[in-house]
Amino acid sequence: MKSSCTEILRVTPCDPDGAQRESLASLLVRTARENDVSPAQLLEWKFATGTGLQMLKFSTRALGRSVGQSINGCSEVARMLVNRTEQLTRLDGLRRSTTLAFAPFTTFNGLLRQQLAWSVQSLRSQETKYYPLLWALEPVRVCPETRKPLGSLCPTCRQSLVLLSGGSHIGRCYRCGSSLFETNIGAVPADPIVGSIRSIDYEVWVARELGNFIRFQTVESLSEDFSYHRALEHWLDLFELRSNRDAAKALGASPLALFRWRSNKAIPRLRMTLNLCWVFGISLVDFLLLRRPSGHDGRLRQSIDAGMRHAAVSTRRRIDKARLGSELSTILRENRYSMMSFSEICSRKLRRRDVVIRQNFPEEARLVARRYLENRKLMADIKRDQFCAALETVARFLHARGIVPNYKTLSPYLDRPSKLRCAWAIAALRRVREELGYEDPSEQLMLLI
DNA sequence: ACGGTGCCATGTAATCCCTT
DNA sequence: AAGGGATTACATGGCACCGT
């Protein structure tokens, strides 16, 4: 199993041509089980070996927060992982187990939820336990088959679960190990997903639309030259929503948002796109293909999802570019606040958001940020040298008193004994021990007094 | 694990610009 | 000049990536 060229036992995705198609993260967990290793081991040994995938660092206990999301995601990482998995398993079409097909019409933000979500009833009835890609989509809050809200808190320990952990099993809490579907409690009352639901009918519609899109990929795919703003323009034109204000009112969005979507300055979150489809009375697939359903009466529906906007308090102050610019260049010229990070300087010294400074003075912003990182590195090197020097001194003193310098004997005299575990500290200890005449440092390192 | 950097969507307030 | 829609400016929150 260690080598990346040995064969692996493979499993095939569940419901490959349906709306409940298995997600890539789920497939990887099941593949790992089939091969008698933990998901973290499988990923580390077999999958994350290609160029660009080394960044997926795994520990056996837990995978990083975002790893599970990246795997089901629509970015470069997902694409590479799909290729690698197809190579290893000789399966094809695994692209459809991720959200890569969503990329042309949505952004990563608002596409996948951070936590695991599951349908208790579906898990119970599945013959082979697996997580459909649909459950990982952030706009999906109910199971389209049972019309019941998805759960996102473990019924036993009441905690939310990461999408993929080092030792995860399908249908089990990776923390407390209890089943996510066998208890009769159902959804935990405090579950945030349950709390966010206003209309079950609308949520079911959303889930079905996204399920249909997942299924749609098996037959067709979106054309290469799809662009969101052109599609939106087409529908706004069809429903005669000419001004941004009228369109915004009908769609339950802000006029400014409309302006940005139409002028290709931004793409709305997936949930908003579904809201648009709902108001237009069309399916997501029709929206994307600019296909007007036959029998459409041309009327708009009432938006269900409107009025859910965040209250962002904005107090606008004029930017005194000249003053800020001169302050910035003074900071750089006189090397002021060299141990403060860029954002810290922005908030504490310049009294501005870092975004503002970056927008107006990109060059200076980069210089200040880089300066801090370099200084921090320098300080780390200095501290390392100081630690090694202290280690050496203590070792000589112990030696003079007839005590063998090793981890145990040195620890009480050093301010940060845990640093003795670092490779550079071990090397420094070895050097001084060799110098003091201990013949086999690697062996004696373990000796007590 | 955690903090810093960088990017994205989207909110409110100000400003631009065209029409009347 | 006034008024309103379009656009820009400043702000917030969320998340990925990266190094320690």
Side-chain angles (χ1 to χ4, degrees), chain A residues 52-59 61-78 103 105-115 138 162-163 165-166 228 241-249 251-273 275 306-321 324 339-347 350-360 362 365-381 383-384 416 418-419 422-424:
Chain A
L53 286 173
Q54 303 93 332
M55 59 174 142
L56 293 170
K57 292 195 185 98
F58 311 102
S59 70
R61 279 300 302 152
L63 303 180
R65 279 195 309 275
S66 56
V67 171
Q69 269 191 310
S70 303
I71 291 171
N72 290 341
C74 63
S75 65
E76 193 60 16
V77 177
F105 64 93
T106 189
T107 53
F108 204 96
N109 195 348
L111 176 59
L112 295 167
R113 59 164 53 87
Q114 256 190 308
Q115 282 85 25
E138 191 164 290
V162 293
L163 201 63
S165 77
Y228 196 95
L241 295 167
R242 293 291 142 74
S243 83
N244 286 341
R245 206 180 63 146
D246 294 348
K249 203 173 165 197
L251 298 168
S254 78
L256 176 56
L258 255 298
F259 159 71
R260 282 197 275 233
W261 302 336
R262 293 175 83 161
S263 51
N264 206 17
K265 291 186 195 308
I267 295 174
R269 297 203 181 102
L270 186 54
R271 181 110 183 152
M272 180 51 87
T273 298
N275 173 54
M308 299 278 279
R309 282 175 235 132
H310 311 274
V313 190
S314 162
T315 48
R316 187 189 159 111
R317 291 172 293 152
R318 278 235 58 83
I319 291 180
D320 190 345
K321 236 180 147 167
L324 275 179
M339 288 315 289
M340 271 168 96
S341 75
F342 173 62
S343 37
E344 214 179 346
I345 289 181
C346 289
S347 66
L350 301 174
R351 307 264 169 204
R352 286 284 173 183
R353 297 280 304 175
D354 52 355
V355 203
V356 174
I357 305 294
R358 222 178 267 129
Q359 263 168 13
N360 288 286
R366 223 167 291 132
L367 284 173
V368 171
R370 213 170 297 151
R371 186 187 67 164
Y372 170 67
L373 289 179
E374 278 164 11
N375 282 340
R376 205 169 56 164
K377 206 170 197 170
L378 183 74
M379 288 308 288
D381 286 347
K383 281 192 179 151
R384 202 153 87 172
R416 301 287 284 276
S418 60
K419 284 189 180 171
C422 299
W424 48 268

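Every chain is numbered from 1, with letters handed out A, B, ... down the list of sequences.
- Within 6.0 Å of the CZ atom in A:R245, the count of heavy atoms belonging to other residues, nucleotides or ligands does not exceed 12.
- For the pair A:F105 CZ and B:dA9 P, the interatomic distance rounds to 14 Å; values are reported in whole Å.
- Of all heavy-atom pairs between A:L111 and A:L270, the closest is CD1-CD2, 3.7 Å.
- Atom-to-atom, CG of A:N109 to P of C:dC17 comes out at 13 Å; the value is rounded to the nearest Å.
- Distance from the side chain of A:P268 is smallest to B:dT10 among B:dT10, C:dT7, C:dG13.
- Across B:dG11, C:dA16, B:dC8, the shortest atom-to-atom separation from the side chain of A:F108 is found for C:dA16.
- Protein atom CZ of A:F259 is 17 Å distant from nucleotide atom P of B:dT12, rounded to whole Å.
- Between the OH atom of A:Y228 and the P atom of B:dC8 there is a distance of 17 Å, rounded to whole Å.
- Contact check, A:T107 against B:dC8: no side-chain N or O comes under 4.0 Å of OP1 or OP2.
- Nearest nucleotide to the side chain of A:N244, out of C:dA6, C:dC15, B:dG11: C:dA6.
- Between the CG atom of A:L367 and the P atom of B:dG4 there is a distance of 20 Å, given to the nearest Å.
- Minimum interatomic distance between A:E138 and A:R113 (heavy atoms only, all atoms of both residues): O-NH2, 3.4 Å.
- Between the CG atom of A:L258 and the P atom of B:dG11 there is a distance of 11 Å, given to the nearest Å.
- Following rounding to the nearest Å, A:D246 (CG) and C:dG4 (P) show an atom-to-atom distance of 14 Å.
- Phosphate contact (OP1/OP2 of B:dA9, side-chain N/O of A:R269, threshold under 4.0 Å): absent.
- Of the candidates C:dA9, B:dA9, C:dG5, the closest approach to any side-chain atom of A:L256 belongs to C:dA9.
- At a threshold of 4.5 Å between non-hydrogen side-chain atoms, the residues A:N264 and A:Y228 do not count as touching.
- In terms of modelled atom types and a separation under 3.5 Å, the side chain of A:N109 and the main chain of A:R269 share no donor-acceptor contact.
- For A:R260 against B:dG11, a side-chain N or O and a base N or O form a donor-acceptor pair under 3.5 Å.
- Heavy-atom distances to DNA chain C give each of A:G110 and A:P255 a nearest nucleotide, and the one nearer the 5′ end belongs to A:P255.
- Nucleotide C:dA16 holds its C1' atom 14 Å from the CG atom of A:L111, rounded to whole Å.
- The residue among A:K265 and A:V368 whose nearest nucleotide of DNA chain B lies closer to the 5′ end is A:V368.
- For the pair A:W261 and B:dT10, the criterion of a side-chain N or O lying under 4.0 Å from OP1 or OP2 is met.
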